[in-house]
Q: 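Okay, handing you the structure first.
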Amino acid sequence: MPAKRRTQSSSRPRPPRRGAGADPFADVVAQLEAIERGDGEGELRLPGDVTLRVTSLAKPYFPGDGITKGDLMRFYVRVAPVLLDAIADRPLVLRRYPGGIDGPSFHQHDPGDNTPDGVRVEEVVVQRGEPAERRLVGGPVDEPGVALATLLYTVQLGTIPVNVWHSRVGSIASPDYAVLDLDPDPKAGFAGVIAVARLVHDALARRHLASAAKTSGSRGIHMLIPLPGGSSFDDAASLAEEIASEVATEHPEMATVERSLDERRRGTVYVDHLQNAAGKTLAAVFSVRARPHATVSTPITWRQVTTTLQPERYTIRTVTRQRDSLMTRWRSLMG
DNA sequence: GGTCCCC
DNA sequence: GGGGACCAACGCCTC
DNA sequence: GAGGCG
């Protein structure tokens, strides 16, 4: 059973707050709470006359933390003002955990032929010269009902992390960022990740390149480097390789680009530059990870990239409390 | 988690 | 209506 | 082509 939840004195949705903190989907949160308090099954009414059937909302997805499928859906609705922008027009790759994080999981690209009305499916040219394939695609920014339905449908299927392509339909061959994934050896720990992140940041700054950082939600940091329009995956891959190799060459005690676990020097941080390719995905900002405590990929500032930063402190619960400032932060980092 | 098929 | 079988990725690297 | 890796 889910953990005991505070009973609300009223089922009335909270009035939206003003400014950046406005909560345009408070009513959807309230609907999810009502359905979960009932038998866990129901029909969500979303903006633009879109509806979505949801089931099993009381099912524990993070059993050690009392976090249910309904809690996961509500979290995504609460960060939707930024998350929907981040995934708009991007093909989605599902990783489904139908029994929660302690059960089996599997990947899914093809959404099948029977997706509900209101959920966005597009024919996407996955590989140049190959026939287009059906893919779930993050809803367009000007259709919040479709965008929300598509996101929540993936969760309805048991998806936990929101994994998206680096490019968007309409310019599917052009990633809008390059990514470096900093992943510490167990001996390196997060202090090592922070040190290497600063080195990467400096290497980029020397080239007058901006970057944005977020916790991966796991043990590392994702660094995103916005690219000019029209950049290719080759452009992204070669930039990422150049930066990663430079840092690893200059600081072999701290950083490595060696992919083999056996060959990787202990105590180093793996600077993974190989994810810049068509069809590869990254956990979006505010994606929840299928890990204990429901950790969240959370924007961080350079002032915060210090040894006091503890990535495991960013969870569904803590990020919900700070969401207004965190959403504002990501908007200022990525425009 | 969803779908299809068969009892 | 219930139960059971079956389905659900991929790119890039090194060897 | 297989296996490792993410």
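A note on names: the letters A, B, ... follow the listed sequences, proteins ahead of strands, and every chain is numbered from 1.
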Q: Taking A:Val146 as the starting point, is it possible to reach A:Val169 by hopping between hydrophobic residues whose side chains are less than 4.5 Å apart?
A: no
Q: Say you pick atom C1' in B:dC4 and the same atom in C:dA9; how far apart are they, in whole Å?
A: 23 Å
Q: Given the structure, check if the side chain of A:Arg259 and the base of D:dG6 hold any donor-acceptor pair shorter than 3.5 Å.
A: no
Q: Whole angstroms only, please: what is the CG-P distance between A:Asp181 and C:dC12?
A: 17 Å
Q: Between B:dG2 and A:Gln156, is there an OP1 or OP2 to side-chain N/O distance shorter than 4.0 Å?
A: yes
Q: Atom CH2 of A:Trp165 to atom P of C:dG11: distance rounded to whole Å?
A: 8 Å
Q: Would you check if the side chain of A:His166 reaches a backbone N or O of A:Gln275 as a donor-acceptor pair within less than 3.5 Å?
A: yes
Q: Find the distance between CE (A:Met327) and OG (A:Ser332) and round it off to the nearest 0.5 Å.
A: 12.5 Å
Q: Between A:Glu242 and A:Arg207, does any NZ, NE, NH1 or NH2 come within less than 4.0 Å of an OD or OE carboxylate oxygen?
A: yes
Q: From CE of A:Met73 over to C1' of B:dG1, roughly how many Å is that when rounded to an integer?
A: 11 Å
Q: Is there a chain of hydrophobic side chains (I, L, V, M, F, W, Y, each step under 4.5 Å between heavy atoms) that links A:Leu148 to A:Val121?
A: yes
Q: Give a yes/no on whether any side-chain N or O of A:Lys280 is located under 4.0 angstrom from OP1 or OP2 of C:dA9.
A: no
Q: Whole-Å distance between D:dC5 C1' and A:Asp183 CG?
A: 11 Å
Q: Rounded off to whole Å, could you give me the CG-to-P distance for the A:Asn114 and B:dC4 pair?
A: 6 Å
Q: Does A:Arg331 form a side-chain contact (heavy atoms from CB on, under 4.5 Å) with A:Val82? I'd like the steps, not just the answer.
A: CA-CA 7 Å; A:Arg331 285 199 173 108; A:Val82 162; 3.9 Å; yes
Q: Strictly under 3.5 Å: I want the nitrogen or oxygen pairs between protein and nucleotides 2-8 of chain C, one per line.
A:
none

Q: Answer whether the closest heavy-atom distance between the side chains of A:Phe25 and A:Leu84 falls below 4.5 Å.
A: yes
Q: Once you round it to whole Å, what is the distance between P of C:dC13 and CG of A:Leu261?
A: 17 Å
Q: Counting heavy atoms from C-beta on, name the nucleotide in C:dG11, B:dG1, D:dG6 closest to the side chain of A:Gln127.
A: C:dG11
Q: Mind checking the C1' distance from C:dG11 to B:dG1? Whole angstroms is fine.
A: 27 Å
Q: OP1, OP2 of D:dG4 versus side-chain N and O of A:Arg264: anything below 4.0 Å?
A: no
Q: Does A:Leu94 reach a base, just sugar-phosphate, or nothing at all? Heavy atoms under 4.0 Å.
A: nothing
Q: Starting at atom CG of A:Asp113, determine the distance to atom P of B:dG1, rounded to an integer number of angstrom.
A: 21 Å
Q: Could you tell me how far apart A:Arg95 (CZ) and B:dG1 (P) are, to the nearest whole angstrom?
A: 16 Å
Q: Which of the following nucleotides, C:dG11, B:dG1, D:dG6, is nearest to the side chain of A:Leu157?
A: B:dG1
